[in-house]
Amino acid sequence: MTIVRVALDVPLPTLFDYTVDEAVVAGQRVIVPFGRRQLTGVVMVCADSSLLAADKIKPVVQVLHDSAPISAHLLDLLRFCSDYYHYPIGQTVLPALPARLRSDKPITLKAVLHYRLIKGTVDFVPKRKALALRIMEMLHQQTCSLAQLKILSAAVGVQLKWLETEGFIEQFVPAAIQLAVHTMPVLPHTFANAHQLTHEQQMVVDSVTGASGFNCFLLHGITGSGKTEVYVHLMDFILQQGGQVLLLVPEINLTPQLEQYFLSRFPDALLVSLHSGLSENARLANWQRAQTGEAQIILGTRLSVFAEIPRLALIIVDEEHDSSFKQQDGLRYSARDVAIFRASQSAVPIVLGSATPSLESYHNALKGRYRMLKLTARAQVAASLPAISCININQTVMTEGISGKLLREIGLRIERGEQSLLFINRRGYAPVLMCQECGWLSDCKDCAGKMVLHLKDHKLRCHHCGFQIRMPRACPDCGHKELVPVGSGTQRIEAVLQTQFPAARILRVDRDSTKNKRAWQTMREQIHANEVDILVGTQMLAKGHDFPALTLVGILNPDSSLYSSDFRAAEKLFAQLMQVSGRAGRADKSGEVLIQTAFPDHPLFRCLISHDFEGWATSQLAERAMAGFPPFVFQAMLRAEGMIEEDVYSYLNQARQSAIELHHVVDIMGVIPASLARRANHIRAQLLVQAVSRRDLQQFLRAWQPHLRALSSRNLRCSLDIDPSEF
Ligand code: ADP
Ligand code: ZN
Ligand code: ZN
């Protein structure tokens with residue numbers, strides 16, 4: 001009788017002991033009784049004894065054999081995450097697996113058939129059948145799938161048929177997926193090498209391929225410098241060695257596009273994608289193809305950092321600064337940071353790529369903890385950087401939020417058959433509706449925010465909680481008939497442009513206009529086919545692939561992020577503006593960027609205009625050092641929300657008191673309202689703790705945890721966020 005310690009998806013920070021009377025290994029999935037339910041869990045430890053009394057320990061209901069056990073490697077990674085993010089082990093392990101592996105229904109996937117010899121047939125194949133003989137030789141060593149046999153020749157199929165009909169070999173379903181990874185043959189692949197690398201690109205590729213073991217590289221390359229080309233060459237190198245590459249990308253919107261792109265460069269490689277947009281079956285199938293070592297390239301969003309990749313040889317994190325790498329609920333992990341840990345655990349290189357690295361990564365590179373690699377020129381010889389300038393909105397005539405200069409430039413582009421893009425980070429018609437008589441504003445009844453006017457469907461809608469009402473005809477307070485929209489969103493800009501350029505083809509791209517699954521794809525095709533003159537949109541437009549006819553970018557209201565209470569807002573704004581500016585101009589057409597602002601002398605714009613990321617990063621780092629913000633300190637945020645204000649604050653104040661009494665070398669800030677102090681009728685507040693070293697912070701958090709658990713948090717939603725990215 002063995003004791004197994006099992007991770008279960010329940011909010012308790014422990015493993016659960018069960019008995020089992022068959023042989024099991026760590027990583028195996030089991031179904032166990034838990035209270036009145038049955039749950040699927042993962043065996044973390046097999047032991048001889050338990051601290052519990054023998055009659056308290058229940059037996060495992062079923063050991064699942066339908067999938068290979070989770071590797072010790074992945075279990076270690078998950079243990080690290082549970083530990084570092086101070087999150088229950090079971091709620092770390094199980095959500096990291098594809099949903100099908102978490103359910104208690106056995107998985108029935110179409111298994112990959114293998115070929116094997118029929119005993120005693122090796123000597124009977126005629127000598128003239130060379131390929132058939134080689135197949136027999138290979139199968140003599142081990143059973144193989146069709147994909148593995150294709151290494152011999154693309155024409156292997158005909159010979160396999162023949163061998164099968166002659167009774168030399170047979171197909172069978174392997175009982176369990178055997179991870180004979182080290183004996184797996186290296187599959188040949190075709191590499192569509194489109195470009196001769198530039199000197200700079202070659203240096204970058206050589207640095208990475210020349211490194212041995214774990215190295216963290218920060219690839220800082222301006223937009224259009226050919227980072228993707230560098231990735232592709234690195235992948236080619238790794239694939240030649242029989243390794244697997246994990247490529248992490250920020251947006252699920254972009255993964256199908258990227259998947260197609262990388263397939264075009266590696267037409268016969270096995271590439272799988274992992275993201276939350278896949279069906280459960282597809283996600284499991286892809287996950288297992290990574291697990292068997294078959295998949296050579298794993299392309300995925302943040303969750304793919306928890307894929308099984310037995311022959312992992314390189315990790316690439318594209319757009320490493322992107323905030324979507326940070327998960328904002330459950331295990332609040334940063335996929336970039338976990339990827340770095342994973343690379344060090346696997347002793348492989350990792351490349352963090354960006355045109356605007358996060359200040360954390362940039363600081364680490366300056367300090368020599370990461371190796372800085374730079375691409376300073378656009379890859380295509382003729383391509384120049386866009387000319388960026390500011391329009392002072394206080395010194396010019398504005399037509400409903402658009403300056404005369406910008407309107408004129410758009411007009412010029414339409415005449416020339418080129419495209420313009422107006423970037424405004426607000427969807428809807430106007431961010432708030434106001435009564436001119438009494439000053440009534442369209443507050444959300446349940447949130448501290450305003451309801452946004454969506455004129456198209458005559459609704460006021462809260463973007464925080466989703467609450468919506470019909471647009472009132474008169475002021476709810478004083479009955480005044482004239483309610484005015486204040487400020488602009490994408491819909492209003494679209495409307496203004498329609499009156500200014502009645503003949504122009506205008507396309508609005510935001511979350512509202514791309515709700516349907518295919519919509520964004522169709523829009524992209526329209527843009528590429530040059531069926532659009534003016535694009536209006538949110539950050540969705542900043543990312544993604546080239547729009548070759550786009551030569552003008554107008555940036556409409558960036559100012560709110562300049563003096564935000566979130567110290568990262570300016571960093572994010574700079575990255576966003578750099579990225580959207582990079583959309584303007586390509587090889588044969590130069591681009592122009594116009595920024596409408598009341599602060600044209602702000603250092604952010606001055607650095608942007610001179611394409612000076614270094615200058616910007618240096619000044620920001622100096623400010624952060626002065627103010628004692630990350631990356632010079634490490635932070636943890638305790639958040640609480642609940643219906644009753646007193647409960648929320650009393651929980652946080654008690655937590656704060658217990659923190660102070662621990663006397664650790666950490667700074668414990670005051671309890672303050674969250675930046676959105678009320679959402680969906682819940683009061684929200686937070687408590688920040690920070691330390692100069694990560695180790696001090698971790699030690700403190702370990703000591704603090706039991707106190708937090710002892711506090712009553714009934715009716716509250718509480719979370720501890722390590723390295724928080726949002727305030
Ligand atoms: P980034 O990802 O850094 O923004 P991309 O990899 O998308 O840049 O490259 C920008 C453009 O330059 C693409 O059209 C790409 O095909 C082209 N390109 C990249 N490397 C080279 C090269 N060595 N020679 C010619 N063109 C290149
Ligand atoms: Zn009124
Ligand atoms: Zn609301």
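Counting convention: from 1, in listed order, for ligands and their atoms alike.
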Those atoms of ligand 1 less than 4.0 Å from some heavy atom in [X]:
X    : value
T198 : 23 (N)
Q196 : 22 (C), 23 (N), 24 (N)
E229 : 6 (O), 19 (C), 20 (N)
T223 : 4 (O)
L197 : 23 (N)
I222 : 3 (O)
T228 : 2 (O), 5 (P), 6 (O), 7 (O)

For the Zn ion (ligand 2), count the protein N, O or S atoms found under 2.8 Å away.
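That number is 4, waters not included.
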Winner among [options] once heavy atoms are compared against [atom]:
atom                    : options                : value
atom 5 (P) of ligand 1  : P548, A355, G226       : G226
atom 20 (N) of ligand 1 : Q201, H199, Q579, Q202 : Q201
atom 27 (C) of ligand 1 : S354, G224, G582, A379 : A379

Charged N to carboxylate O under 4.0 angstrom, D533 versus R416?
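The answer is no: the pair does not qualify as a salt bridge.
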Are R568 and E360 ion-paired here, with the side-chain N under 4.0 Å from a carboxylate O?
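Salt bridge flag = yes for E360 with R568.
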Judged by atom type as modelled, is there a donor-acceptor pair below 3.5 Å linking the side chain of S225 to the main-chain atoms of I222?
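Such a contact is found between S225 side chain and I222 backbone.
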Output yes when a side-chain donor or acceptor of E571 lies under 3.5 Å from a complementary backbone atom of L359, and no otherwise.
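Flag set: sc E571 to bb L359 pair under 3.5 Å.
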If you leave out waters, which protein N, O or S atoms are less than 2.8 Å from the Zn ion (ligand 3)?
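Atoms qualifying: C444 SG, C447 SG, C462 SG, C465 SG.
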Minimal non-hydrogen separation, V536 against T490, with atom names
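Taking V536 first and T490 second, the nearest heavy atoms are CG1-O, 3.8 Å.
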Over all heavy atoms of both residues, which pair between L263 and A269 is shortest? Give the atoms and the distance, please.
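Shortest heavy-atom contact: CD2-O, 4.1 Å.
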Quiz question: by atom type and distance under 3.5 Å, do the side chains of [X] and [Y] form a donor-acceptor pair?
X    : Y    : answer
Q419 : R413 : no
T538 : N425 : no
S358 : S361 : yes

Output all residues satisfying ring-ring contact (aromatic ring centres under 6.0 Å, His included) with H189, sequence neighbours left out; order by chain, then residue number.
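Scan of H189 (ring-ring contact (aromatic ring centres under 6.0 Å, His included), adjacent residues dropped) gives F266.
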Strictly by side chain to side chain donor-acceptor pair (under 3.5 Å), give each pair with a member in residues 429-440 just once, sequence neighbours left out.
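Every candidate side chain to side chain donor-acceptor pair (under 3.5 Å) pair involving residues 429-440 fails, so no pair, neighbours aside, qualifies.
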Contact check: K227 vs ligand 1, nitrogen or oxygen atoms, below 3.5 angstrom
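K227 vs ligand 1: N/O contact under 3.5 Å present.
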Using a 6.0 Å distance limit plus a 45 degree cone around the ring axis, check whether R518 lies over the aromatic ring of W520.
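No, R518 does not lie over the aromatic ring of W520.
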To the nearest 0.5 Å, what is the distance between CG on L239 and CD on Q244?
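Interatomic distance, L239 CG to Q244 CD, rounded to 0.5 Å: 9.5 Å.
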